[in-house]
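Notes for the one structure printed next.
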Amino acid sequence: MSDRPLRVAVVGSGPAGFYAASALLTADPPAEVDMIERLPTPWGLVRLGVAPDHPKLKDVSRAFERVAHRPGFRFFGNVELGTSITHDDLTQLYDAVIYAVGAQTDNRLGVPGEDLPGSWSATQFVAWYNGHPDFQDLEFDLSGERAVVVGAGNVALDVARMLALTPEELAPTDTTDRAIDAIADSGIREIVLLARRGPAQAAFTTPELKELGELAGADIVVDPADLELDDASAASIVGNTNATRNIEVLREFATREPAGKLRRVVLHFLVAPVAIVGEDAVEGVEIVHNELVAEGERISARATDRRETIPAGVVFRSVGYRGVALPGLPFDQARGTLLNGGGRVLDESGAPIAGVYCAGWIKRGPTGVIGTNKKDATETVQLLLEDAAAGRLPRTSERRDLAQVLAERGGDPVLYADWEEINRIEKAAGEPRGRPRVKLCSWEALLAAARPDPS
Ligand SMILES: Cc1cc2nc3c(=O)[nH]c(=O)nc-3n(C[C@H](O)[C@H](O)[C@H](O)COP(=O)(O)OP(=O)(O)OC[C@H]3O[C@@H](n4cnc5c(N)ncnc54)[C@H](O)[C@@H]3O)c2cc1C
C-alpha cells in the first residue's frame, strides 16, 4: 500500500457529499477530497430545496463551510459527471469515488392530463422559488383561485405553505424576488392538499404540519369526518409519536372557525387524483375517494366509486423525488438508487465494484431529514476505509490531477474561493434588505460573480 494519503472524489455537494467529505478529512490518517458539483454553488437541496422560510435549517451550511476549509479539501463546481468528466475518468484519477448526487427527478402520478400546462411537479416549483439556475425560465400562472397540491409529505406542505405566505412573511427570506412578487400578486385564495390515505398514514412531520396553523395570511381547514380513524389506523399509531401528534394537531385544526384570512389551506384525506382535466390548460382535478384496507402491517388505499372534480387553475404534484441512473453505473430501477450494499456500489451479480461508493438519497432513496445523511454518509466512509485498510482499493502510485484534466478539456471549474465570492456578493445584496442573501439565479450571473472582472 502506498504511503500517500487516500485520494477520494465525492460527486455532489449536498449534505451527503459534505458529511462524507467530513468523515474522510477527519479519518486517521486523513484522506484528500475533491468534491465535484455540476452547479457553481454547493450545498445541494440545503440551498435549492429546503424552504426559504426555514432559514435555521439552512444554517447547517456553516458546518459544511468548516469542512470545506479543512486541509485536503478542494471544490470543483460547474463540473458535471457525465459531461465534463466521466465515471471512468474518476476511477483513473482517484483511489475511490463516492456518488452523492441526490435524487434529481420526481415520480409521476401516471394519470391523464398530467402534462397539461399548469400541472407542475413540486420539484420544478421548489427549484424555481429557491433560485435554481436551471428553472428560472418557468412561468407559473398563479392567477386562478384554487391550487391543488397532490401529496402528503413535507415537500407538499412546503409547497402549500409557500403559496400561502404573505409578502411580509416572504420579505426576510432568500426566496427569489420573482417568486416573492408572483406569490404576492397571485389570485390563489384556496390551496387544497390531497392525501391518498388517511391522517394516520400521512408522511409529514408534526412541526411542519403545525406551521400550517400559524400562517398570517391563511386559515387552515380540516373536515373532522376525515379524522375518524378506522380500527387498523387507530392501532397503527400506538407508539408512533409523530402520527399521534399529527392527529392531535389535525383535530385541533378541525375545531377552528375560519378567521376570514385572505387564503385558506384545506387538507383533504383519502382522495387521489385520477385525471387532471382541462381543454388547453389545467381547469381542475378529478379525484376519487379512497377507503383504507389493512393487509397485515400495511394499510393501503383502495378506490371507491365516488368521484368528483375540484376546479383548479394550477396543480403541483408532490409524490416523491426519484434518483436518476448515472452513465456506466448499475442502477436499481425499483428503488431509484444506485445498486448498492450499505453504500458499496454493486455490479449486476451483487459483488462490490472496487473503489466505488454512494451516500445520501442516491444510496437509500429520497427519505429522511438533512441529519439522516450524516449517519448514512459516515457508514459509507467507514466501509471505504475498511476496504482501503484491507487493500481492496485499486491504488497506483502515479495519478493525474483533476484540475489538469479539466484544463486540458477547456473546463471552467468554479473553485471554493470562487464560490466564496458568489456567497459574499449574495450576502452583501441581502444585508441592507434584512435578508440572509439575494441569490444570483442565472448561470451567467453566477459565473460572472465567480470570475470578477480584474479591471
Ligand atoms: C423540497 C425539499 C425540502 C426539504 N426540506 C427539508 C427540511 O426542511 N429539513 C430537512 O432536514 N430536510 C429537508 N429536505 C431533505 C434534505 O434536503 C435531503 O435529505 C438532502 O438534501 C439529501 O442530500 P443529498 O446530498 O443526498 O442530495 P442533494 O442535497 O440533492 O445533493 C446532491 C447534489 O449533487 C449534485 N449533482 C447531481 N447530479 C450531479 C452530476 N451528474 N454531477 C455533479 N453533481 C451532481 C446536485 O447538483 C446537488 O448539489 C428537503 C428536501 C426537499 C426536496
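Every number for a ligand or one of its atoms is a count from 1 in the order of the listing.
Of the protein's non-hydrogen atoms, Ile370 CG1, 4.0 Å is the one closest to atom 16 (C) of ligand 1. From the protein, the heavy atom lying nearest to atom 27 (O) of ligand 1 is Gly102 CA, 3.4 Å. At the shortest separation from atom 1 (C) of ligand 1 among protein heavy atoms lies Gly49 O, 3.4 Å. The single protein non-hydrogen atom nearest to atom 25 (O) of ligand 1 is Ala16 N, 2.9 Å, given as residue, atom name and distance. Nearest protein neighbour of atom 42 (N) of ligand 1, counting heavy atoms only, is Leu81 N, 3.0 Å. Of all protein heavy atoms, the one closest to atom 43 (C) of ligand 1 is Arg38 N, 3.3 Å. Ranking protein heavy atoms by distance to atom 34 (O) of ligand 1, first place goes to Gly12 CA, 3.3 Å.
Here Val79 has backbone heavy atoms under 4.0 Å from ligand 1, and that is the only part of it that gets that close. Residue contacts with ligand 1 for Glu208 are absent, since no atom lies close enough (heavy atoms, distance under 4.0 Å). Heavy atoms of Val101 found under 4.0 angstrom from ligand 1 belong to the backbone as well as the side chain. Residue Val369 touches ligand 1 through backbone and side chain together, judged by heavy-atom distances below 4.0 Å. The part of Ala100 lying near ligand 1 is the backbone, judged by heavy-atom distances below 4.0 Å.
Below 4.0 Å from some heavy atom of Val155 lie the following atoms of ligand 1, by number and element: 1 (C), 2 (C), 52 (C). Shown in contact with Gly44 at under 4.0 Å from a heavy atom are these atoms of ligand 1, numbered in order with element: 29 (O), 31 (O), 48 (C), 49 (O). Which parts of ligand 1 touch Tyr321 is read off a 4.0 Å heavy-atom cut-off, strictly below it: atoms 1 (C), 53 (C). Close approach of ligand 1 to Gly360 is summarised as follows: ligand atoms under 4.0 Å from at least one heavy atom of the residue are 26 (O). Against a heavy-atom cut-off of under 4.0 Å, Gly14 is close to the following atoms of ligand 1: 25 (O), 29 (O), 31 (O), 33 (C).
Using cut-offs of 30° and 60° on the angle between ring planes, the pair Trp128 and Phe140 is tilted. Phe75 and Tyr416 have perpendicular rings, their planes meeting at more than 60° on a 0 to 90° scale where under 30° would count as parallel. Ring geometry, His87 versus Tyr99: the interplanar angle falls from 30° to 60°, so the pair is classed tilted.
In this structure, the side chain to side chain contact (heavy atoms under 4.5 Å, CB included) partners of Thr123, at least two apart in sequence or on a different chain, are Asp106, Ser121, Tyr321. Listed by chain and residue number, Ala16, Ile98, Asp376, Ala377, Thr380 satisfy the side chain to side chain contact (heavy atoms under 4.5 Å, CB included) test with Ala359 (two or more places apart in sequence, or in another chain).
Using modelled atom types, one finds no donor on one side chain facing an acceptor on the other under 3.5 Å when comparing Thr173 with Asp53. Side-chain contact annotation: Asn340 with Tyr357, donor-acceptor N/O pair under 3.5 Å absent. His54 and Glu211 are linked by a side-chain donor-acceptor pair at a separation below 3.5 angstrom, with hydrogens and angles left out of the test.
Using 4.0 Å as the threshold, Pro15 has a heavy atom nearer than that to some atom of ligand 1.
Polar contact check, Trp361 against ligand 1: a nitrogen or oxygen pair lies under 3.5 Å apart. In terms of polar-atom proximity, defined here as any N/O pair under 3.5 Å, Leu39 makes no such contact with ligand 1. For ligand 1, one of its N or O atoms has an N or O atom of Glu37 under 3.5 Å away. Of the polar atoms of Leu45, at least one N or O is found under 3.5 Å from an N or O of ligand 1, judged by distance alone. Polar contact with ligand 1: absent for Trp43 (N/O pair, distance under 3.5 Å). Checked against a 3.5 angstrom limit, the closest N/O atoms of Leu326 and ligand 1 fall outside it. When only interatomic distances are considered, the shortest N/O to N/O separation between Gly371 and ligand 1 does not fall below 3.5 Å. Considering backbone and side-chain atoms together, Glu80 places no N or O closer than 3.5 Å to any N or O of ligand 1.
Applying the side chain to side chain contact (heavy atoms under 4.5 Å, CB included) test between Tyr19 and each of Thr372, Val60, Leu24 identifies Val60 as the sole match. Under the side chain to side chain contact (heavy atoms under 4.5 Å, CB included) rule, His268 has a single partner from Val221, Leu193, Asp226, Val148, which is Asp226.
Summarising the local packing, CD of Glu431 is surrounded by 12 or fewer heavy atoms from other residues, nucleotides or ligands at distances under 6.0 Å.
In this structure, CZ in Arg38 is found 7.0 Å from CD in Gln104, a value given to the nearest 0.5 Å. Residue Arg146 holds its CZ atom at 8.0 Å from CZ of Arg264, rounded to the nearest 0.5 Å.
Put simply, the side chain of Ile220 does not reach to within 4.5 Å of the side chain of Glu214, judged on heavy atoms. You'll find the side chain of Leu338 stays beyond 4.5 Å of the side chain of Asp332, heavy atoms only. Residues Val405 and Arg400 form a side-chain contact, since some pair of their non-hydrogen atoms from C-beta on lies under 4.5 Å apart.
The option with the heavy atom closest to atom 7 (C) of ligand 1, from among Leu57, Leu48, Val126, Thr205, is Leu57. By heavy-atom distance, the residue among Val50, Asn78, Val159 lying nearest atom 5 (N) of ligand 1 is Val50. Around atom 3 (C) of ligand 1, the closest heavy atom drawn from Asp53, Asp158, Asn373 belongs to Asp158.
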Salt bridge (charged side-chain N to carboxylate O under 4.0 Å, His left out) evaluation trace for Arg263 with Glu190: CA-CA 6 Å; Arg263 295 180 174 133; Glu190 185 169 281; over 6 Å; no
